[in-house]
Amino acid sequence: MRRTHRFARLVVPALTVVLLAGCAQRIEGTAVSIYDNPFTVAGLPVTSGASGPRSGVPDADIEIENTDGGPVDVLAGNAIADIEEYWRQEFASVARGTFRPVETIVSWDPSERRGPRFCGKPTYDFINAAYCSGGDEIGWDRTYLMPQLIDSFGPMAAVTVLAHEYGHAVQHTAGLVAEDDPGIVFEQQADCFAGAFMRHVAEGRSTHFQLDTSDGLNNVLASMVLFRDADPNDPDSIHGSAFERVTAVQIGFTDGAGSCARIDAAEIESRRADLPQYYNSADDGELPVTDESVEAIFESFHQVFDLDALPQLDLSGADLGCSDARATSPVSYCPATNTVGVDMEELSERGTAAPPGSGFDPGVRGDYNAYVLVASRYALAVQKEAGQSLTEPRTALRAACLSGVISAALSPDSTLASNVDPSQVLVWLSPGDLDEAVSGLLTDGLAASDVNGNTVPSGFARVDAFRTGVLGGEAACTGRYR
């Protein structure tokens, strides 16, 4: 039997991403919890600088069948060389034996009718990158997918795709998965391996590439958000949601390749827990942002935490004239009056899905982009009652973490849902809501900011705080962000 692992089935829409120029540097560090310092990323300092190919480094001598010798194939060949060097060092952390490189590397142009075959099939109209276990080969489309990834998210997004595919090769040669394992296990492990390799690059250990831990790493995560399973009801949806894909990358980046080998069906199911997985056939999961819906979700928040002083909701605007905090549009929290203020017009814009074909992936924008902002300002009220500071970096990460707690609690299969009074009108989480939250945390830090809107610079840290709340609950937020 043979299995072909494709990165995804989507074509990337155009999106301009600005990469900051700067000097390359080698960063020493050990993969540890990111929570020791809000200004670190899994133990590495937050850096801004160049991300992508290093200048002045000779290209790798990698044989690529059917190559056109162009810049995409040069970049891909350098990536394959660095990924193979990484696995020569790390293979022992996931399996016994010696690392064996992939036998065949191939590139193709999907518009060529007489192009090469890959995994025994024509590459005409095959817009993707993939690993084929039957022929032990990795290949990519050099004309559409890879250039669009590079244009949209920078060259490290293309490198990430190849690190993912090489992860499948390692799975196969190391015997980490069985043919009858669920597809999601294959994909989550490969995403995790890609994250572990990105850590290697961020530490300055890659010969041909460099990665800063702010915009550069954010762009890598954003590319994973784009290639998510947008429709969980589709039986071919085996790559995972954006929340799951980013989680797997973060596990690898934080804990290394050895942690990826421990991902199996039971581990994935434990992370999914009570989170919604499927759409109701009559419901697309979108709740228009209106006065009524914001009031209903605010009432739902009251059920999550046992607060002595419930915060009040003011829908007249985000600027509450607060004496001890700055206004943060479209949602603010005023500690002096214990009030959350909302600019409904702007919040509604945040929560409206983009029309098809516009900007970023329209499936990543939706109602929860708006509601998670309200949740994060409510989380400030929770911190206030706990006597915690509202004006420091840990405040921002606690806000994101507690927003994750709220999100998990509002799952229709949660403990809260099973105990709530049926007469209460509450708002419940839908599949895709966590993806919208992750996208927002990467592109806009308000959901992970203090009472004055100050956030931490790393999107990785913001997302990781949110998923800690989703998966670990309030106790995890309290313990990590003391």
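- Rounding to the nearest 0.5 Å gives a distance of 10.5 Å between CZ of Phe153 and CD of Gln148.
- A search for side-chain hydrogen bond (donor to acceptor under 3.5 Å, both in side chains) contacts involving Asp73 returns Thr67, Ser107, Trp140, not counting sequence neighbours.
- Asn66 is listed as a side-chain neighbour of Arg142, based on a closest heavy-atom distance under 4.5 Å.
- Among the candidates Arg271, His239, Arg245, the single residue satisfying the side chain to side chain donor-acceptor pair (under 3.5 Å) test with Gln188 is Arg271.
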Practice item. Evaluate the criterion side-chain contact (heavy atoms from CB on, under 4.5 Å) for residue pair Arg467 and Val246; output intermediate values, then yes/no. Key: CA-CA 10 Å; Arg467 74 178 180 87; Val246 169; 5.8 Å; no
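- Checked by atom type and distance alone, the side chain of Arg262 pairs as donor or acceptor with a backbone atom of Gly258 at under 3.5 Å.
- The backbone N or O of Asn452 sits less than 3.5 Å from a side-chain atom of Arg326, completing a donor-acceptor pair.
- Side chain of Asp181 to backbone of Ala178: a donor-acceptor contact under 3.5 angstrom is found.
- Counting heavy atoms from C-beta outward, Val170 and Glu90 have side chains that stay 4.5 Å or more apart.
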Review point. Asp212 and Ser51: side chain to side chain donor-acceptor pair (under 3.5 Å), yes or no, with the steps?
Key: CA-CA 6 Å; Asp212 75 68; Ser51 285; 3.0 Å; yes
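- For the atom pair CZ of Arg228 and CG of Asp435, the computed distance is 5.5 Å after rounding to the nearest 0.5 Å.
- In this structure, CG on Leu211 lies 11.0 Å from CD on Glu203, to the nearest 0.5 angstrom.
- Of the possible donor and acceptor atoms, none in the side chain of Thr40 sits under 3.5 Å from a partner among the backbone N and O of Pro45.
- Once rounded to the nearest 0.5 Å, the distance linking CG of Leu162 with CD1 of Ile80 reads 5.0 Å.
- Counting all heavy atoms, side chain and backbone alike, Phe91 lies closest to Gly97 at CD2-O, 3.8 Å.
- At least one side-chain heavy atom of Phe197 sits under 4.5 Å from a side-chain heavy atom of Val159.
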Review point. Could you go step by step and tell me if Arg272 and Glu244 meet the salt bridge (charged side-chain N to carboxylate O under 4.0 Å, His left out) rule?
Key: CA-CA 9 Å; Arg272 287 179 166 178; Glu244 289 174 321; 2.4 Å; yes
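- For the 3.5 Å distance criterion, the side chains of Ser449 and Arg377 qualify, holding a donor opposite an acceptor.
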Considering only distance and modelled atom types, tabulate donor-acceptor pairs under 3.5 Å from the side chains of residues 396-408, sequence neighbours left out.
residue: Arg398; atom: NE; partner: Gln383; partner atom: OE1; Å: 2.7
residue: Arg398; atom: NE; partner: Gln388; partner atom: OE1; Å: 3.4
residue: Arg398; atom: NH1; partner: Tyr481; partner atom: O; Å: 2.7
residue: Arg398; atom: NH2; partner: Gln383; partner atom: OE1; Å: 3.2
residue: Arg398; atom: NH2; partner: Ser389; partner atom: O; Å: 3.0
residue: Ser403; atom: OG; partner: Ser376; partner atom: N; Å: 3.3
residue: Ser403; atom: OG; partner: Ala399; partner atom: O; Å: 2.7
residue: Ser407; atom: OG; partner: Tyr368; partner atom: OH; Å: 2.6
residue: Ser407; atom: OG; partner: Ser403; partner atom: O; Å: 2.8

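- In this structure, Thr143 contributes its side chain and Pro110 its backbone to no donor-acceptor pair below 3.5 Å.
- Shown here for Ser206 and Val201, the closest heavy-atom pair between the two residues is CB-CG2, 3.8 Å.
- With hydrogens and angles ignored, the 3.5 Å screen pairs no side-chain donor or acceptor of Glu137 with any backbone N or O of Val106.
- Annotation: side chain of Leu434 is in contact with side chain of Leu429 (closest heavy-atom distance under 4.5 Å).
- When atom types are taken as modelled, the side chain of Asn78 and the backbone of Asp59 share no donor-acceptor pair closer than 3.5 angstrom.
- When side chains are defined from C-beta on, Leu446 counts as touching Pro330, because their heavy atoms get closer than 4.5 Å.
- Atoms CE and OG, on Met156 and Ser223 in that order, are 10.0 Å from each other to the nearest 0.5 Å.
- Remark: the backbone N or O of Gly440 is not paired with any side-chain donor or acceptor of Asp444 at under 3.5 angstrom.
- Judged purely by atom type and a 3.5 angstrom limit, Arg482 uses its side chain to pair as donor or acceptor with the backbone of Gly479.
- Closest approach of Ile251 to Cys192, counting heavy atoms only: CG2-SG, 3.8 Å.
- Considering all non-hydrogen atoms of both residues, Gly77 and Ala60 come closest at O-CB, 4.1 Å.
- The minimum heavy-atom distance between Ser214 and Pro457, with the atom names listed, is CB-O, 4.4 Å.
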Exercise for review: Evaluate the side-chain contact (heavy atoms from CB on, under 4.5 Å) criterion for residues Phe460 and Val220: first the C-alpha distance (whole Å), next the side-chain angles of each, then the deciding distance (0.1 Å), finally the verdict.
Suggested key: CA-CA 10 Å; Phe460 184 105; Val220 167; over 6 Å; no
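- For the residue pair Tyr131 and Asp136, a side-chain donor N or O sits within less than 3.5 Å of a side-chain acceptor on the partner.
- Using a 4.5 Å cut-off on side-chain heavy atoms (C-beta onward), His208 and Val74 make no contact.
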Practice item. Could you go through the side-chain contact (heavy atoms from CB on, under 4.5 Å) check for Val94 and Trp87 one step at a time? Key: CA-CA 10 Å; Val94 301; Trp87 279 113; 4.0 Å; yes
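- Within the 4.5 Å cutoff, side-chain heavy atoms of Phe193 are placed close to those of Leu176.
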Review point. When you look at His168 and His164, which way does the ring-ring contact (aromatic ring centres under 6.0 Å, His included) test go after all the steps?
Key: CA-CA 7 Å; His168 286 310; His164 170 101; 4.7 Å; yes
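- When all heavy atoms are compared, the tightest approach of Pro155 to Leu75 is CB-CD1, 3.5 Å.
- Summarising the geometry, atom CG belonging to Asp433 is positioned 5.0 Å from atom CG belonging to Asp367; distances are rounded to the nearest 0.5 Å.
- Across Arg117, Arg113, Glu112, a single residue satisfies side chain to side chain donor-acceptor pair (under 3.5 Å) together with Tyr124, and that is Arg113.
- Listed for the Asn218 side chain is a donor-acceptor partner under 3.5 Å among the backbone atoms of Gly459.
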Review point. Please walk me through it: do Asn454 and Thr391 pass side-chain contact (heavy atoms from CB on, under 4.5 Å)?
Key: CA-CA 8 Å; Asn454 299 315; Thr391 56; over 6 Å; no
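- Two residues are said to be in side-chain contact when any heavy atoms from C-beta on lie closer than 4.5 Å; Asp141 and Asn128 fail this criterion.
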